[in-house]
Every structure is written in structure tokens, then in C-alpha cells.
> 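Below is a structure I'd like to ask you about.
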Amino acid sequence: MNETINRWLTRLGGWEGMEPYILGVFWVIVGYFIAKFFARGVERVVRLRHGASPHSAVIASKTAFYGAFMLVVLIALSALGVQLSGLLAAAGIFTVALGFAAQTSVSNIISGFFLFMDRPFSIDDTVKIDTTLGTVISIDLLSTRIRTFDNLMVRIPNEVLLKSTIINYTLYGVRRIEVPVRVPFDCELQVLQRKLTHTMHALPTILDEPAPIVLIDRFGENGMELLVRAWSERQNYVSAKSELTGAIHARLRELGVDVPLPQRVLHLGETMDGSTLVSQLREGVAPTGGRTRRTAREDTVATTSGDSPA
């Protein structure tokens with residue numbers, strides 16, 4: 001074993017010939033930890049002193065790390081006696097060849113810089129990207145990772161992300177809640193609007209400004225369609241929507257307003273009487289005669305002869 005080591009040392013010029021290689025490896029190892037420490041310091045300064053978003057802090061940290069580590073590698077190569085001018089020329093040719101071989105990766109990196117400039121979201125934001133809904137947990141050079149609400153990790157390449165439709169639910173501090181309500185045609189709409197507005201003002205999670213409002217939307221098939229709109233703080237959105245829906249339901253019951261259900265009226269022809277229709281419906285057989293017309297309650301059957309099924 002010693003003879004083998006001595007033979008290798010003799011070929012490399014002894015310990016003096018090994019000194020540049022040892023020094024180069026030393027610079028690479030120590031420089032890696034120095035670059036990591038420098039990157040953490042840059043991230044802390046950007047996040048605390050400049051008040052930047054976590055996204056900006058992470059990008060600044062990674063840029064500082066790769067820049068510092070590249071400088072360390074150049075110092076190590078210089079210690080080995082490598083001519084940097086020739087290395088730069090070779091690096092240019094290598095970069096062109098690498099660009100053709102790794103077009104997808106280069107495209108993701110470029111897309112990542114465009115996302116950094118555009119800033120559609122930051123770390124810890126709740127976003128919806130196409131069909132993926134979750135919280136952003138990391139933004140890297142090649143991809144962005146999202147944790148869904150059922151605790152799954154979804155990795156989206158930056159190139160795909162740049163072409164996707166992004167909905168950011170946490171960018172603004174206030175969100176609007178909209179609850180559709182269907183009421184009978186004979187309901188006093190103005191009175192109901194005032195009552196529901198008072199109900200919304202009484203909820204602590206509903207903001208007074210912008211003011212909540214009840215709109216008459218349209219004539220529906222089975223009743224009037226109303227839109228109850230209110231605003232809440234972003235962090236209270238889910239609980240505020242649940243409380244508002246429950247409060248509307250309780251208020252409608254208190255006022256004696258029934259939500260109209262779909263109805264169907266059957267008109268019998270001369271070939272079928274009410275008793276025959278009742279027996280067919282009880283046996284689960286489809287009616288063999290007559291014509292149908294949609295009206296208001298799907299769970300009620302009225303007959304022109306006055307007979308009704310039990």
C-alpha cells in the first residue's frame with residue numbers, strides 16, 4: 001500500500017506537486033460553507049431590513065449562494081494553475097452545447113426569473129393554478145412546489161407556471177362572500193332585503209365597509225333569485241361564509257319564508273284517471289298516458305280531476 005502511494009506521489013512530483021490539488025479541494029469545501037453562510041445572511045438582510053416578500057428573499061439567497069460558490073470555484077482553479085481565459089472560452093462553447101441539450105431546464109430557469117419579476121404570488125400564499133389549489137411552499141429555479149389542502153405536494157415546472165392561469169386568494173386583505181338565495185314569487189322583496197341586511201350587520205366577521213348588500217338577481221324557474229353579498233377579512237373568509245349562510249337560513253325560517261322547491265304538475269288525458277295514475281306511481285311504473293308540464297314542486301303531483309296520490 002505504501003509503495004503504491006509513493007509511486008503515485010513520484011508521478012505527481014511528490015508532496016510539493018500535490019499541494020495545489022489539496023489547496024484546490026480545500027477551497028472548494030470551505031468555500032461551499034462560506035457561500036451557504038453568506039446566502040443566509042443575504043436572505044436575513046433582505047427579509048428584515050428591506051421588508052421584502054419571502055419569495056424575493058429566497059431568490060436573493062440563491063443568487064448570492066451560486067455567485068459566491070462560483071467565485072470560490074474560480075479561486076480553486078486559479079490555485080491549480082488553470083488559465084481562466086482559456087477556461088472561459090471553453091465554458092462558452094460548453095454553455096451553447098448544454099443549452100441545446102437542456103432546453104427544458106434552461107426554459108424553466110428563464111421562466112423562473114420572469115416569475116420573479118412579475119411576482120404573481122409569494123411563499124405561503126394560497127393560489128389556484130389551473131386545477132391545483134393549495135399553499136406555495138417553495139419557489140426554486142426550475143419549479144414551484146405547492147401543498148394542497150389534502151396534504152399533497154404538487155411540483156409545477158416554471159415554464160408551465162408561466163403559461164397557466166394563476167388565482168391568488170391571499171394577495172389582498174379583503175374578500176367578497178356571495179350567497180345565492182331563492183325565495184317565493186309572492187315574497188315582499190323590499191322587506192326581505194332590509195331584514196337580511198340587518199342580519200349581516202349583526203355578524204362580527206362581516207365588514208361594515210364595503211357595506212353588505214342584497215340584490216334582486218333575476219326571475220328563476222321556481223322563485224325569485226337573490227344575491228347576498230358581503231365582505232370579510234381574508235383570514236376569516238371560510239368561517240364568515242359559513243356563519244353568513246347559517247344566519248340567512250335562520251332568518252328566513254324566523255320570517256316564515258320557505259325556499260321554493262322544484263315542482264312538476266301532471267295533466268291527465270281522457271285515457272287515464274286519477275286512481276290509475278296513483279296505482280302506477282305506487283307500483284313504481286311510469287305513467288302510460290297524459291302530458292307533463294313543469295311548474296313549482298317536484299315532490300307534489302296535482303291532477304285535473306282533483307285526485308292526489310297518497
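Residue numbers start at 1 and run along the sequence shown. Quick caveat, the model's predicted, so the values are computed rather than measured.
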> Which value, rounded to the nearest 0.5 Å, describes the distance between Thr205 atom OG1 and Tyr237 atom OH?
12.0 Å
> State whether the number of non-hydrogen atoms from other residues, nucleotides or ligands found under 6.0 Å of His201 atom NE2 is greater than 12.
yes
> First locate atom CD1 of Ile206, then atom CD1 of Ile177, and finally report the distance between them rounded to the nearest 0.5 Å.
4.0 Å
> Of the options Leu227, Ile248, Leu196, Thr199, which is the one that meets Val214 in a side-chain contact (heavy atoms from CB on, under 4.5 Å)?
Leu196
> Do Leu255 and Phe185 belong to the same hydrophobic cluster, where Ile, Leu, Val, Met, Phe, Trp and Tyr are linked whenever their side-chain heavy atoms lie under 4.5 Å apart, directly or via other members?
yes
> For residues Asn158 and Thr144, is any side-chain donor paired with an opposing acceptor at under 3.5 Å?
yes
> Among residues at least two apart in sequence or on other chains, which ones pass salt bridge (Lys or Arg N to Asp or Glu O under 4.0 Å) with Arg182?
none
> side-chain contact (heavy atoms from CB on, under 4.5 Å) for Asp118 and Leu162? Distances and angles first, verdict last.
CA-CA 10 Å; Asp118 192 30; Leu162 193 64; 6.0 Å; no
> Is there a side-chain contact between Met224 and Phe219 (heavy atoms, below 4.5 Å)?
yes
> How far does CZ of Arg251 sit from CG of Leu192, to the nearest 0.5 angstrom?
9.5 Å
> Is Asp125 close to Tyr169 at the side-chain level, that is, under 4.5 Å between some pair of heavy atoms?
no
> Taking C-beta and beyond as the side chain, do Pro184 and Val257 meet within less than 4.5 Å on heavy atoms?
yes
> If you count every heavy atom of other residues, nucleotides or ligands that lies below 6.0 Å from Arg234 atom CZ, does the total exceed 12?
yes
> Report whether Ile110 and Leu115 are members of the same hydrophobic cluster (ILVMFWY, side-chain heavy atoms less than 4.5 Å apart, transitive linking).
yes
> A side-chain contact here means heavy atoms from C-beta on lying under 4.5 Å apart; do Ile216 and Gln193 qualify?
yes
> Gly223 and Pro260: which non-hydrogen atoms are nearest, and at how many Å?
CA-CG, 4.2 Å
> Might you point out which heavy atoms bring Arg229 and Met200 nearest each other, and give the distance in Å?
O-SD, 3.9 Å
> Would a single hydrophobic cluster contain both Ile29 and Tyr32, if residues Ile, Leu, Val, Met, Phe, Trp and Tyr are joined by side-chain heavy-atom contacts under 4.5 Å?
yes
> Nearest 0.5 Å, what's the CD1-OG distance between Ile156 and Ser164?
6.5 Å
> Give, for atom CG of Asp217 and atom CG of Leu226, the distance between the pair rounded to the nearest 0.5 Å.
8.0 Å
> To check you understand the geometry: which heavy-atom pair defines the closest contact between Ala39 and Phe65, and what is its length?
CB-CB, 3.6 Å
> State, with a plain yes or no, whether a side-chain heavy atom of Ile146 is found less than 4.5 Å away from one of Phe121.
no
> For Phe38 versus Ala64, what's the shortest heavy-atom pair and its separation?
CE2-CB, 3.6 Å
> Contact between Leu142 and Arg155 at the side-chain level, heavy atoms closer than 4.5 Å - yes or no?
yes
> Identify whether Leu252 and Val179 are in the same connected component of the hydrophobic contact network (ILVMFWY, side-chain heavy atoms under 4.5 Å).
yes
> Is any side-chain heavy atom of Arg145 closer than 4.5 Å to one of Arg147?
no
> Quickly, which of Val127, Ile129, Thr126 forms a side-chain contact (heavy atoms from CB on, under 4.5 Å) with Asn168? Name it, please.
Val127
> Is the number of heavy atoms from other residues, nucleotides or ligands within 6.0 Å of CD (Glu188) greater than 12?
no
> Tell me if the CZ atom of Phe37 is crowded by more than 12 foreign heavy atoms within 6.0 Å.
no
> Would you say Val228 and Trp231 are hydrophobically clustered, going by side-chain heavy atoms of ILVMFWY under 4.5 Å?
no
> Looking at every heavy atom in both Pro212 and Ala230, which two are closest together, and how far apart are they?
CB-CB, 4.0 Å
> Distance from Leu171 atom CG to Ile166 atom CD1, nearest 0.5 Å?
11.5 Å
